[in-house]
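The chain is numbered in sequence order, starting from 1.
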Amino acid sequence: MAQINVIGQNGGRSIELDLPEVNPHVLHEVVTWQLAGRRRGTASTKTRAEVSRTGKKMYSQKGTGNARHGDRSVPTFVGGGVAFGPKPRSYSYTLPRKVRQLGLAMALADRQQSGKLLAVDGFGLDGKTKGFVTWARENGMDGGERVLIVTDDAQTRLAARNVAWATVLPVAGLNVYDILRHERLVIDAVALEPAQDDGQADPASAQQEGAAQ
């Protein structure tokens, strides 16, 4: 059972979470699923039926001494169509919801085990960047590592959005990929507390549904 201390204006308590053992394979599966869903899939080539070429036969079938050819739109010639080229498509696919939830729990567990998970209840900021930088320095964040701020506090998000080493997300946007690509995670305590009900670390369980968008 992991103990997570809560800081902030309404802090001074701890949250108990039953976090799973970290499995790199599960994390890889979830991150791959997320990134696949983010691919635009706009690559496109023209087939021989789509290129602007005449359909007339190049020259007579026999008597020229050259190889037999039809029209110039075939992939053999420069300017012809592309055989088996890419077409616009979606790269997204379905990953079981339990796997997505497990991946999120493992990402939280990884940051908790490394001492890089910070739960906050009440930032007490006024929306000014200077105030956020001061708050961060008081809590061990001096810009030497990338920090993911996950909060629904509008003033905190406003204050942190211009800081180069910080990324700001609402609680509903929490996802495995962004957790793993930042060294430290700062999250609203309320996002972790509901997870105690069923023993699963699944803060704002709906966030994984839109993480790949």
Side-chain angles (χ1 to χ4, degrees), residues 2 4 6-11 15 17 19 22 26-40 92 95 97 99-137 139-195 200-213:
I4 301 175
V6 180
I7 66 170
Q9 292 179 319
N10 304 315
I15 300 174
L17 290 179
L19 297 174
V22 178
V26 174
L27 294 176
H28 177 270
E29 287 293 323
V30 176
V31 170
T32 301
W33 166 75
Q34 279 190 241
L35 296 184
R38 294 183 183 186
R39 294 185 66 174
R40 297 183 63 186
S92 63
L95 192 68
R97 188 166 71 94
V99 176
R100 302 198 301 266
Q101 292 178 343
L102 181 61
L104 180 60
M106 288 181 177
L108 293 174
D110 181 71
R111 289 298 172 261
Q112 191 275 331
Q113 291 171 7
S114 60
K116 300 295 185 178
L117 175 59
L118 189 64
V120 183
D121 188 355
F123 286 87
L125 299 178
D126 58 359
K128 301 294 184 180
T129 301
K130 182 178 180 180
F132 172 77
V133 172
T134 301
W135 178 91
R137 187 180 300 112
N139 290 280
M141 291 168 278
D142 58 1
E145 56 188 5
R146 291 171 298 177
V147 180
L148 178 63
I149 311 294
V150 181
T151 178
D152 286 334
D153 184 345
Q155 293 299 316
T156 300
R157 288 160 57 182
L158 184 65
R161 66 181 183 178
N162 285 332
V163 179
W165 43 266
T167 301
V168 183
L169 287 178
V171 172
L174 180 64
N175 63 89
V176 175
Y177 176 65
D178 282 322
I179 291 176
L180 296 182
R181 74 188 186 95
H182 292 81
E183 286 81 9
R184 184 181 292 270
L185 172 63
V186 178
I187 186 172
D188 279 348
V190 69
L192 299 177
E193 289 173 333
Q200 292 293 327
D202 182 25
S205 59
Q207 85 286 352
Q208 283 294 324
E209 302 296 336
Q213 300 304 320

Shortest non-hydrogen contact from [X] to [Y]?
X    : Y    : value
A107 : L27  : N-CD2, 3.8 Å
E183 : R146 : OE1-N, 2.8 Å
G131 : L125 : O-CD2, 3.7 Å
Q112 : L19  : CB-CD1, 4.1 Å

Quiz item: Among pairs that include at least one residue of residues 99-128, which meet ring pair (Phe, Tyr, Trp, His ring centres under 6.0 Å), considering only residues two or more places apart or in two chains?
Solution: F123-W135

Find the distance between [atom1] ([X]) and [atom2] ([Y]) and round it off to the nearest 0.5 Å.
X    : Y    : atom1 : atom2 : value
R184 : I149 : CZ    : CD1   : 9.5 Å
R100 : Q34  : CZ    : CD    : 10.0 Å
L174 : L185 : CG    : CG    : 6.5 Å
L108 : I187 : CG    : CD1   : 6.0 Å

Exercise. Tell me, with the steps shown, if I179 and L104 meet side chain to side chain contact (heavy atoms under 4.5 Å, CB included).
Key: CA-CA 9 Å; I179 291 176; L104 180 60; 3.7 Å; yes

Quiz item: Which is it for L169 and L148 under the side chain to side chain contact (heavy atoms under 4.5 Å, CB included) test, yes or no, and what are the steps along the way?
Solution: CA-CA 8 Å; L169 287 178; L148 178 63; 3.8 Å; yes

Which donor-acceptor pairs under 3.5 Å do the side chains of residues 113-120 make with protein atoms, sequence neighbours left out?
| from | atom 1 | to | atom 2 | distance (Å) |
| --- | --- | --- | --- | --- |
| S114 | OG | D110 | O | 3.1 |
| S114 | OG | R111 | O | 3.1 |
| K116 | NZ | E145 | OE1 | 3.2 |

Quiz item: Restricting to pairs with a member in residues 122-133, which pass side-chain hydrogen bond (donor to acceptor under 3.5 Å, both in side chains), not counting sequence neighbours?
Solution: none

Exercise. Take M141 and V186, measure what side chain to side chain contact (heavy atoms under 4.5 Å, CB included) needs, and give me the verdict at the end.
Key: CA-CA 10 Å; M141 291 168 278; V186 178; 3.8 Å; yes

Quiz item: In chain order, what residues pass the salt bridge (charged side-chain N to carboxylate O under 4.0 Å, His left out) check against R137, with sequence neighbours excluded?
Solution: none

Quiz item: Quick one: salt bridge (charged side-chain N to carboxylate O under 4.0 Å, His left out) partners of D121, sequence neighbours excluded?
Solution: R13

For residues 156-165, run the donor-acceptor check on the side chains, cut-off 3.5 Å, and write out each pair with its distance to 0.1 Å, sequence neighbours left out.
| from | atom 1 | to | atom 2 | distance (Å) |
| --- | --- | --- | --- | --- |
| T156 | OG1 | D153 | OD2 | 3.0 |

Quiz item: With T134, which residues qualify under side-chain hydrogen bond (donor to acceptor under 3.5 Å, both in side chains), at least two apart?
Solution: none

Quiz prompt | side-chain hydrogen bond (donor to acceptor under 3.5 Å, both in side chains) against R181, all qualifying residues, sequence neighbours excluded | solution = D178

Quiz item: Heavy atoms, side chains only, cut-off 4.5 Å: are V171 and T151 in contact?
Solution: no

Practice problem: Could I get the full list of side-chain contact (heavy atoms from CB on, under 4.5 Å) partners for V31, not counting sequence neighbours? | Solution: L35, V176, Y177, L180

Quiz item: Who pairs with T32 by side-chain contact (heavy atoms from CB on, under 4.5 Å), at least two apart in sequence or on another chain?
Solution: H28, Y93

Practice problem: Using atom types as modelled and distance alone, determine if a side-chain donor or acceptor of D142 lies under 3.5 Å from a backbone N or O of G144. | Solution: yes

